[in-house]
Amino acid sequence: HRFDLRVPRSSQPSSSILGPREVCKSCAVYSASEAETSAYVFAGRSSQVGLYDLRFLSDSARTIQTFQPSCFSNLEDVSVSGIDVSKDRKELLVSYESDQIYTFPLFPSHITDPTTDDMISYSNNVIENPHFGGYGAHLNRFTFLKCAKYAGPNDEYICTGSDSGHAFIYEKNSGSVVSMLKADNSTCNGVVPHPMLPFFLTYGIDSTAKLWRASNPVHDNYDDSGAGRRRALHEQEYKKSTLVSRCSDVQVYLNKTASDPDLKDMAVTLLPDEVVLRSININGRVFDGLPEILFRSLFRTNPFNPGSDEICNDLRSLPEVLRSNYYEAINAIVEDDEVPVRCGMTELHRRISLIRLFHQSHQMGIRIDPERPWNLRSICHVEGRDDDSISPADLIPDSPSDWLAYDYNFSGSILEGGRALAKDDLEDFYYTRYCRFSNADRMTIDDSNSTEMEETSPFDASKAWDVLLETVTTLKEEGNTALQQGSVHLAARLYDKALSYCCAAFFNYPQSNLDFLSSHQKLLSKNAGHCTLWSPLLKAFISVRLNLSMTLLKPGIADIDAAHSQAYLALQDLRPFTKKAGVVLTGKRLQKTRQDEPMQTFQEAKELEAKAYFRLGSVKMQGRQYTSAMHMFEKCLQATKEYRPNSPPDRTIQSRLAEAKRLSEKERKKRRKQFRFAFGDNGSSEKDGKADHEIKDMEL
């Protein structure tokens, strides 16, 4: 509304400058130049932002320009939640509820100090301007007034709040997240930067506002070179992914999405590594989905928000937060709920992938090509590069979803990746405001190691499987090297990363544009999710599971449940190939058979089965279940005998079996003694037999 300070309250105009029935949630006063009086205002209504001339005395001010993202088509469920204008008054920033952030050019780049006459001549009555750039990886749906602000001396950054309680600070040129502050225990509504000093004020749902100061990024004693960053990254503690902690639940969820018609029609979908499956256990009951929101008020810190529970710079948790945000958006489609991002999953996925890849490159101290950020092998610059400072495994994207959908190796109809800017339509605007480098200083990308195919080449699915095998083999070998060097956490992290690529190939889910999975997905559907074609990649997949199972038992991690799960899943993957030589089990319940399978398949599968039983025996030994361990080692010897019938039994297995028998007998005697003490020792053989029976039941 406009208010005339010269007239009483009863004489004030009753309607909004937008019109009698329009609602405005955000506005920003605009001056054409520093010398002019503020006679204009930007005001948001639904999906549009208008620039209005306040000098008109009618109820509705004159509309000079309108601005709307090109991905919107007058969406009724999208509304403006924040507006800001750049310091030079040539760029507009708009944040949307149930969507993300967009920038709009106000004037051509050659106008250095726009005046009223420039504005009127440029507007040509009313012009609807599409956006130039988009920013987003955060969610904005729980509160309706999340603002977005320019920050920095020259508006180099864009900052906003989010539903996860984080304050996101984006770099305007690249679209990457340079800082993510855990600013609120529930929801962060906004960030207010100081106009000159490096200070930020954040506010949200809780009862406090926080003042942040931008300082040196690291401690003086910390090595911030590229090699130092990589060493710090390799020394981080291993955290299990969902594919390790809840692998079976991930497949169940993906089976549910496979039948969803909305996801089948999407250009990009949910890969196994992006499933989060957030839930909380309260008094033995697990709550997820809608009850999550109902339980938010019961906790001082939101248990469903990923990342740190403390107020801090939480940039290290950025990949986890982005994965959670994308999962929420996809899950809203699956559950027929309100989608938190209305611009579409393809654009959201593109931005999240770009941000994750920039984050990965920043952790390694390298700079990447923003046009093809997934191709980390094309390194533009490596700070302090040594001969052994960077490994091939470091140059593989941490998330398969950030790579596969954008590479010609995996699809004949790739998605557009990298930075999304309207630079073709506004080339001068881009080079003067967004491009860091002049034409003479452009980076030269080394494509000598690039695995991408030319767009004009026909798509070859076999090439995709070869690239995946090379990727998984690289991660597996680097994990083996790390394990030999005693870097247990690094080895587990590399095996976990290899699993994410294997699961992208062998899990059943909507394939979207991943054309190389077309025939393979049909095969999985026919065989209840079992892969019944033996291949080098499947063999590598099972080997990675077994290596990870062994690593999880090492001191420093010692996760018995996860180790048992990986060994058990390896046995399940081997089921179709270990029944009988020359035979493969097929069908929905693996009740059918396929004959004439090469003998090599049976031998390789049996060798891996023996290793799986050995891993399970080791798990049982560490869990003090000696009788079960004894059975596992006996099965290991039997499997070894089947694929090596003329070779003597393995001494290591025999030694472990003998140890399991000895400890099992020792445990049996100990429990028999405890049983006799509890029921009285009268030397009765009948009671001894009963005790042995009870002890055996307890062990089993």
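Sequential numbering from 1 along the given sequence is applied to the chain's residues.
The pair Lys497-Asp398 meets the salt-bridge criterion, with a side-chain N (NZ, NE, NH1 or NH2) lying under 4.0 Å from an Asp/Glu carboxylate O. Checked for salt-bridge contact, Glu667 and Arg671 meet the test: a charged N lies under 4.0 Å from a carboxylate O. We find that Glu235 and Arg230 are not joined by a salt bridge, their nearest charged nitrogen and carboxylate oxygen being 4.0 Å or further apart. Under the 4.0 Å criterion applied to side-chain N and carboxylate O atoms, Glu597 and Arg594 are assigned as salt-bridge partners. A salt bridge between Arg372 and Asp369 is present, with a side-chain N of the basic residue lying under 4.0 Å from a carboxylate O of the acidic one. Between Glu659 and Arg656, at least one side-chain N (NZ, or NE/NH1/NH2) sits under 4.0 Å from a carboxylate O, which counts as a salt bridge. Salt bridge annotation for Lys606-Glu642: present, with a cationic side-chain nitrogen under 4.0 angstrom from a carboxylate oxygen.
In summary, the aromatic rings of Tyr613 and Phe633 are positioned with their centroids too far apart to meet the 6.0 Å limit. Ring pair Tyr501/Phe506: centre-to-centre distance not below 6.0 Å.
With hydrogens and angles disregarded, no donor-acceptor distance shorter than 3.5 Å links the side chain of Lys620 to the backbone of His631.
By the ring-ring contact (aromatic ring centres under 6.0 Å, His included) test, His359 is found to be paired with no residue, residues two or more places apart in sequence or in another chain being considered.
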Run Phe507 and Tyr253 through ring pair (Phe, Tyr, Trp, His ring centres under 6.0 Å) and show every step you take. CA-CA 11 Å; Phe507 272 32; Tyr253 182 83; over 10 Å; no

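Side-chain contact between Thr593 and Val584: absent, with no pair of heavy atoms (C-beta onward) separated by less than 4.5 Å. Side-chain contact check for Tyr509 versus Asn255: every heavy-atom pair is 4.5 Å or farther apart.
A side-chain N or O of Asn480 and one of Asn547 form a donor-acceptor pair less than 3.5 Å apart.
Closest of all the heavy-atom pairs between Thr652 and Phe614 is CG2-CZ, 4.2 Å.
Crowding of Lys476 atom NZ: a count of heavy atoms from other residues, nucleotides or ligands under 6.0 Å exceeding 12.
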